[in-house]
Amino acid sequence: MKFSQGIFYFHTFVKNSDMLSIHYIRENTTEVVERLKLKNFNATQIIDTILSIDIKRRETKKNLEDILAKSNSLAKEIGILFQSGKANEANILKSETTELKQQSKELTEVLDLLEKEQNQLLITLPNLPHSSVPIGKTPEDNILIYSEGSIPQLSDDCLAHWDLATKYNIIDFELGNKITGSGFPVYKGKGAKLQRALINFFLDNAINNGFTEIQPPLMVNEASGYGTGQLPDKEGQMYHVTLDNLYLIPTAEVPITNLYRDVMLKADQLPIKNVAYSQCFRREAGSYGKDVRGLNRLHQFDKVEIVQLQTPERSYETLEEMKDYVASLLRQLELPFRILKLCGGDMSFTSALTYDLEVYSTAQQKWLEVSSVSNFETFQSNRMKLRYKDNEGKNKAVHTLNGSALALPRIVAALLENNQTPEGIKIPKALQAYTGFEIIN
RNA sequence: GGAGAGAUGGCCGAGUGGUCGAAGGCGCACGCCUGGAAAGUGUGUAUCUGCCAAAAGUGGAUCAUGGGUUCGAAUCCCAUUCUCUCCGCCA
């Protein structure tokens, strides 16, 4: 495969991948349609079309392969005849191959077309939601499954984090505007140190919980973007370095999961638990207004991401563990938080089940999403051809899971706002060993 | 960036037009041998996919990727990607 010329080669990897496999759709048609309804996706017509193309496709394939089989055996015979000096007989057989060649050429063209059509339709189908996913269309329909911590009582003159950042001279949004643009803040002094402290705090926690630290590239190629599902759907969300056809990662999920692209694992290697700190780059095209104020939505931000590869049997158990692990970080940071189970309509295209963890940002008086923990089941591994050999020697697709643990900016926002006092901003105990100071003043 | 060499199965490595999905070795699995083990020895050991309810069986595809020449390509031609060596540049 080659990626240097972008769009032109894109079909190459579209061609061989099913996100939902055609086999599954073929054998569980009604179930697929029903479950996609949970995501408010009406698949009836698309699937009908896919299945009728599939019939034609397999028929064509069969015909083509029959012809190829004939050609192969003729070629073999011709070879034997030539070697035993029977050139005349060989030449007679040769003339028989002309028509076969023509036929196979035509059928190949038809088959290519059918495969392309089929895959273009398959690619439009989102991942099947897990059966426990709540019905719903908007964030209002998400289910609150847990909450913890009490919301601090602040005085009426409390400040939002962007004002606190200026007051204590720890984050400079204006400077970022000057040297780059909006959404690229500059962290200074204790603000910078706080960043570094949080990163180390999150990494150390993950390592202590059995995750292996990875330091990935911050740019990825097209195949990687495709593997985790950012391409082709969300192309406009990534910064694209056109000269080299590379993309700045929107999350470490992309390089970390793609480490296992085209890999065949053994059952005893699972689960694989990786953690990575990276800076993340998002164009956030189309988001304007209040929500982007301060640290709420940035073009560049810091995040520690956990990724797990697990067997299908245990992946939901693992999802719960990951959710609880992220909650433990928020608990240590003494932030009031809640956990939501996302409804079908609010889930991402690729996810089968997602929990969002939100912290309360007291001065802004709103909940901020700081982590999203998802099980993608086989959606990504199908795209990436990531499989494992189970104990019976059968190849199966691996389940992939990931979650933020955690994304820094909104954590910082909540820490600043919730912990403001007349004396300054108090650093939670668990973090003090990392910051080396107890208060920002 | 310039010049040259190369890319073969889990790994090493042979293979320059025909019966090659690919010798040989290592590794791995199972068996024999052994009191047990090592050594020795025998057998097996890729992936995707079509037909089939499934297994068996059988067909197709795959020797970096894509295309071409040919009745026939791991082998010849073209393009691309990557790796290595030397030179240049450089944190």
Side-chain angles (χ1 to χ4, degrees), chain A residues 1-19 21-28 51 53-112 114-116 118-119 122 215 217-227 243-246 258 260-269 378 381-398:
Chain A
M1 262 186 247
K2 34 190 176 178
F3 312 113
S4 61
Q5 290 173 38
I7 297 156
F8 181 77
Y9 290 108
F10 194 69
H11 299 293
T12 329
F13 25 90
V14 174
K15 192 177 163 188
N16 293 319
S17 46
D18 306 338
M19 9 329 298
S21 87
I22 181 67
H23 296 103
Y24 195 84
I25 294 174
R26 211 187 285 148
E27 275 150 40
N28 308 279
L51 289 177
I53 292 174
D54 187 49
I55 291 168
K56 267 188 260 170
R57 195 197 104 236
R58 279 146 68 206
E59 199 180 283
T60 310
K61 189 162 181 150
K62 174 99 181 85
N63 292 340
L64 175 62
E65 286 179 356
D66 286 347
I67 286 167
L68 288 177
K70 265 185 224 164
S71 308
N72 285 347
S73 72
L74 273 178
K76 215 169 253 185
E77 279 182 58
I78 291 170
I80 293 166
L81 288 173
F82 269 126
Q83 281 188 332
S84 49
K86 299 174 184 166
N88 285 341
E89 290 180 44
N91 282 322
I92 292 165
L93 281 185
K94 251 177 148 175
S95 62
E96 284 183 38
T97 62
T98 330
E99 198 189 338
L100 289 177
K101 231 182 158 180
Q102 181 59 27
Q103 283 177 341
S104 77
K105 200 178 158 192
E106 283 165 17
L107 284 173
T108 304
E109 276 168 24
V110 176
L111 184 63
D112 282 352
L114 289 169
E115 280 180 350
K116 213 160 138 187
Q118 188 175 60
N119 280 301
L122 280 172
Q215 202 172 98
L218 301 182
M219 293 193 217
V220 293
N221 58 29
E222 230 174 313
S224 296
Y226 184 76
L243 194 59
D244 298 291
N245 198 27
L246 295 172
N258 273 284
Y260 303 92
R261 174 151 47 82
D262 290 318
V263 164
M264 174 74 74
L265 296 164
K266 288 181 187 142
D268 60 15
Q269 290 177 270
T378 61
S381 56
N382 279 340
R383 285 183 173 224
M384 284 191 292
K385 294 204 200 104
L386 159 57
R387 287 152 301 160
Y388 78 103
K389 242 183 221 309
D390 72 9
N391 292 324
E392 278 128 43
K394 286 203 167 169
N395 299 330
K396 292 165 90 173
V398 171

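Labels below follow one simple rule: chain letters A, B, ... track the order of the sequence lines, proteins then strands, and each chain is numbered from 1.
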Would you indicate which nucleotide in [options] comes nearest to any side-chain atom of [X]?
X	options	result
A/Ile78	B/U19, B/G60, B/G18	B/G18
A/Ala75	B/U49, B/G72, B/U47	B/G72
A/Leu68	B/C71, B/G50, B/A61	B/A61
A/His23	B/G72, B/G50, B/A61	B/G50

**Secondary-structure string, 5' to 3', Watson-Crick or G-U under 3.5 Å, | for another-strand partners, for RNA chain B** = ((((((((.[[[..)..(.....]]]((((((.......))))))((((((.....)))))).[[[[[..)....]]]]])))))))....

**Request:** Return the residues of residues 80-90 of chain A meeting this criterion: a heavy atom under 4.0 Å from some atom of RNA chain B. Order them by number, or give none.
**Result:**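 Contacting residues: A/Phe82, A/Gln83.
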
In chain order, what residues pass the side chain to side chain contact (heavy atoms under 4.5 Å, CB included) check against [X], with sequence neighbours excluded?
X	result
A/Ala75	none
A/Glu109	A/Lys105
A/Ile55	none

Round to the nearest Å and state the distance from [X] atom [atom1] to [N] atom [atom2].
X	N	atom1	atom2	value
A/Met384	B/C48	CE	C1'	18 Å
A/Leu246	B/U81	CG	C1'	13 Å
A/Ile67	B/C71	CD1	P	17 Å
A/Leu74	B/G60	CG	P	12 Å
A/Leu93	B/G72	CG	P	13 Å
A/Leu111	B/G50	CG	P	12 Å
A/Lys105	B/G72	NZ	P	13 Å
A/Leu107	B/G60	CG	C1'	13 Å

Donor-acceptor pairs under 3.5 Å, side chain of residues 92-102 of chain A to any protein atom, not counting sequence neighbours: which ones?
| residue | atom | partner | partner atom | Å |
| --- | --- | --- | --- | --- |
| A/Ser95 | OG | A/Ile92 | O | 2.5 |
| A/Thr97 | OG1 | A/Lys94 | O | 2.5 |
| A/Thr98 | OG1 | A/Ser95 | O | 2.9 |
| A/Gln102 | NE2 | A/Glu106 | OE2 | 2.9 |

**Request:** Decide whether A/Asn221 and A/Ser224 meet the rule of one side-chain donor and one side-chain acceptor closer than 3.5 Å.
**Result:**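 Side chains of A/Asn221 and A/Ser224: pair found under 3.5 Å.
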
First locate atom [atom1] of [X], then atom [atom2] of [Y], and finally report the distance between them rounded to the nearest 0.5 Å.
X	Y	atom1	atom2	answer
A/Asn382	A/Arg387	CG	CZ	9.5 Å
A/Thr60	A/Ile53	OG1	CD1	11.0 Å
A/Thr378	A/Lys396	OG1	NZ	11.5 Å

So, does [X] get its side chain near the phosphate of [N], meaning an N or O under 4.0 Å from OP1 or OP2?
X	N	answer
A/Lys101	B/G72	yes
A/Asn72	B/G60	yes
A/Arg387	B/C48	yes

**Prompt:** Taking for each residue the nucleotide of RNA chain B bearing the nearest heavy atom, is the 5' side occupied by A/Asp66 or by A/Thr97?
**Reply:** A/Asp66

**Item:** RNA chain B: 5'-proximal contact among A/Lys62 and A/Ser73 (nearest heavy atom)
**Value:** A/Lys62

**Prompt:** Hey, are A/Asp66 and A/Lys62 close enough for a salt bridge, meaning a charged N less than 4.0 Å from a carboxylate O?
**Reply:** yes

**Salt bridge present between A/Asp54 and A/Arg58 (N-O < 4.0 angstrom)** = yes

If I pick the [atom1] atom on [M] and the same atom on [N], what distance separates them, to the nearest angstrom?
N	M	atom1	answer
B/C76	B/A14	P	15 Å
B/U19	B/G60	P	14 Å
B/C89	B/C12	C1'	36 Å
B/A61	B/A74	P	10 Å
B/G44	B/U80	P	44 Å
B/G1	B/G13	C1'	34 Å
B/U75	B/A64	C1'	16 Å
B/G88	B/G4	C1'	15 Å

**Request:** Ignoring hydrogens and angles, tell me if any N or O in the side chain of A/Ser381 forms a donor-acceptor pair with the backbone of A/Val398 under 3.5 Å.
**Result:**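 Looks like yes, one N/O pair under 3.5 Å.
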
